[in-house]
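To start, the structure under review is shown below, and the notes come after it.
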Amino acid sequence: MTTPAGHIKKRLFRNKRLFRNKGALFGLTVILLSVLIAIFAYLIAPDGSPNANRIIVEIGGRKPGYRQLFLPVKKERQAPPVNFFHRLLFGREDQYDYIPINSYQVSGDSVIVQKFIDEGVEERQAYPRAAATTTTFWLGTDKYGRDILSRLLIGVRVSLAVGLVTVLLSLTIGVLLGALAGYFGGRVDEIILWLINVIWSIPTLLLVFAIMLLLGKGFWEVFIAIGLTLWVNVARIVRGQVLAIREREFVEAAKALGYSHSRILFRHILPNIMGPVWVVAASNFASAIVIEAGLSFLGVGVQPPQPSWGLMIKENYNFIITHNPMLALAPGFAIMLLVLAFNLLGNALRDILDVRG
């Protein structure tokens with residue numbers, strides 16, 4: 001006799017409906033591509049410095065496709081060498097200062113440049129001889145002259161990390177409390193249901209603000225605060241599923257065999273109700289990305305110079321009504337695309353696992 005958990009595995013892996021669903025296939029492609037970008041961000045980003053924080057104020061606020069001639073000048077204080085894994089995780093400090101120039105002329109061991117100051121403004125200056133290079137900023141530069149494309153690529157890490165931590169926290173708390181409430185019922189159910197209703201009644205952002213006031217502002221504090229607010233949906237669904245399944249024959253048989261409550265709950269009941277939980281997990285992942293972006297936009301999320309899509313919108317939103325809206329629209333489109341991918345995946349899981357009821 002096949003258990004409900006066995007049916008779930010068959011539907012996911014043998015039926016292959018997940019891969020025939022165009023929405024799910026699009027969502028999986030975007031998610032997998034985002035994961036690869038997050039892993040190799042510092043290797044593929046044009047600006048591979050830590051946090052893509054190469055500030056060149058002379059070229060701030062440039063439009064997509066902007067090209068600029070630079071003279072790389074070796075820094076007086078050389079950054080220590082780093083190994084491949086350190087560069088992969090944290091980037092590598094620039095060995096050169098990049099001086100924006102309009103033109104240059106080699107003279108012996110020196111190079112005389114027309115240093116770019118602003119549109120129509122330049123300054124003649126001599127530097128040690130070096131080869132000039134031309135850089136294209138495909139998505140433009142922010143007001144500090146940082147490459148938008150590089151910060152967009154590295155910002156994927158924040159969005160995926162906040163979603164992952166939030167889902168792990170919400171599943172851990174939600175599944176545990178929901179399972180205890182549904183299985184034991186009575187006083188335990190009343191207390192947990194009261195807690196769920198209290199948390200449910202508080203607006204999400206207000207609750208996140210309260211938790212962050214307690215924990216402080218920072219990278220991991222944001223993730224924990226969001227995770228501690230999204231477990232309620234998981235707990236309500238798990239509670240309802242456990243209530244429906246705890247009277248089934250296989251549960252009664254396990255009790256008759258003298259199995260402990262923990263074994264019955266975690267080895268026999270929970271594996272058979274995880275279908276709806278995975279659907280909610282995908283939804284929570286998308287919600288966490290949006291909440292983190294909102295918090296960073298308000299200035300209480302990820303702090304500068306850490307690249308975050310919400311923070312990038314905050315830093316460049318004034319360009320929307322001026323001459324260069326793409327500086328703020330690019331991270332907005334990135335948020336929309338990643339959230340859409342997780343929602344499409346969640347919808348496909350809902351259809352395949354047949355958990356509408």
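Predicted, not measured: the structure shown is a model, and the values here were computed from it.
Taking 4.0 Å as the cut-off between side-chain N and carboxylate O, Asp94 and Arg54 count as a salt-bridged pair. Ion pairing between Asp97 and Lys74 fails under the 4.0 Å rule for side-chain N and carboxylate O.
Closest approach of Ile237 to Pro276, counting heavy atoms only: CG2-CB, 3.9 Å.
Using a 3.5 Å distance cut-off with no hydrogens or angles, the side chains of Arg67 and Thr136 do pair a donor with an acceptor. A donor-acceptor contact closer than 3.5 angstrom is absent between the side chains of Thr134 and Gln68.
A 4.5 Å side-chain heavy-atom check between Trp231 and Leu177 finds at least one atom pair inside the cut-off. Using a 4.5 Å heavy-atom cutoff, the side chains of Asp189 and Phe184 are not in contact. Inter-residue side-chain proximity for Val106 and Ile112 is flagged as unmet; no heavy-atom pair is nearer than 4.5 Å. When side chains are defined from C-beta on, His268 counts as touching Tyr259, because their heavy atoms get closer than 4.5 Å. Under the 4.5 Å side-chain criterion, counting only non-hydrogen atoms from C-beta, Ser103 is not in contact with Val113. When side chains are defined from C-beta on, Gln114 does not count as touching Ile101, because their heavy atoms never get closer than 4.5 Å.
Taking the six-membered ring for Trp and thresholds of 30 and 60 degrees, Phe342 and Phe285 have nearly parallel ring planes, at less than 30 degrees apart.
In the hydrophobic clustering of ILVMFWY residues, with side-chain heavy atoms under 4.5 Å counting as a link, Val35 and Ile37 come out together. Note on Leu33 and Ile31: same hydrophobic cluster, where clusters join Ile, Leu, Val, Met, Phe, Trp and Tyr whose side-chain heavy atoms are under 4.5 Å apart, directly or indirectly. Linking Ile, Leu, Val, Met, Phe, Trp and Tyr residues whenever their side-chain heavy atoms come within less than 4.5 Å leaves Leu89 and Leu153 in two separate clusters. Ile39 and Leu32 are members of different hydrophobic clusters when ILVMFWY side chains are connected at heavy-atom separations under 4.5 Å. Note: the hydrophobic cluster containing Ile154 does not contain Leu43 (ILVMFWY, side chain heavy atoms under 4.5 Å, direct or indirect links).
A cation-pi arrangement is present between Arg236 and Trp200, with the terminal nitrogen or guanidinium carbon under 6.0 Å from the aromatic centre and inside a 45° cone about the axis. No cation-pi contact links Arg248 to Phe250, judged by a cut-off of 6.0 Å to the six-membered ring centre and 45° from its axis.
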*From CA spacing to verdict: side-chain contact (heavy atoms from CB on, under 4.5 Å), Ile55, Asn53*: CA-CA 6 Å; Ile55 297 176; Asn53 195 40; 4.0 Å; yes
- Show your reasoning for whether side-chain hydrogen bond (donor to acceptor under 3.5 Å, both in side chains) applies to Ser308 and Glu292. CA-CA 9 Å; Ser308 162; Glu292 182 278 324; 2.8 Å; yes
Item to complete: For the pair Ile59 and Phe116, evaluate side-chain contact (heavy atoms from CB on, under 4.5 Å) and give the outcome as yes or no after the intermediate values.
Response: CA-CA 9 Å; Ile59 59 169; Phe116 177 87; 4.2 Å; yes
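Of the residues listed (Leu169, Leu295, Val290), the one engaging Ile226 in a side chain to side chain contact (heavy atoms under 4.5 Å, CB included) is Leu295, and it is the only one.
Atoms CD1 and OG, on Ile291 and Ser296 in that order, are 12.0 Å from each other to the nearest 0.5 Å. Rounding to the nearest 0.5 Å places CG of Leu69 at 7.0 Å from OG1 of Thr133. Between the CZ atom in Arg246 and the CD atom in Glu252 there is a gap of 10.0 Å [rounded to 0.5 Å]. Note that CZ of Phe297 is 11.0 Å distant from CD of Glu315, once rounded to the nearest 0.5 Å.
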For residues 80-87, please give each side-chain donor-acceptor pair under 3.5 Å, one per line with the distance, not counting sequence neighbours.
{"from": "Asn83", "atom 1": "OD1", "to": "Phe85", "atom 2": "N", "distance (Å)": "3.2"}
{"from": "Asn83", "atom 1": "OD1", "to": "His86", "atom 2": "N", "distance (Å)": "2.7"}

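The ring of His261 has its center closer than 6.0 angstrom to the ring center of Tyr183.
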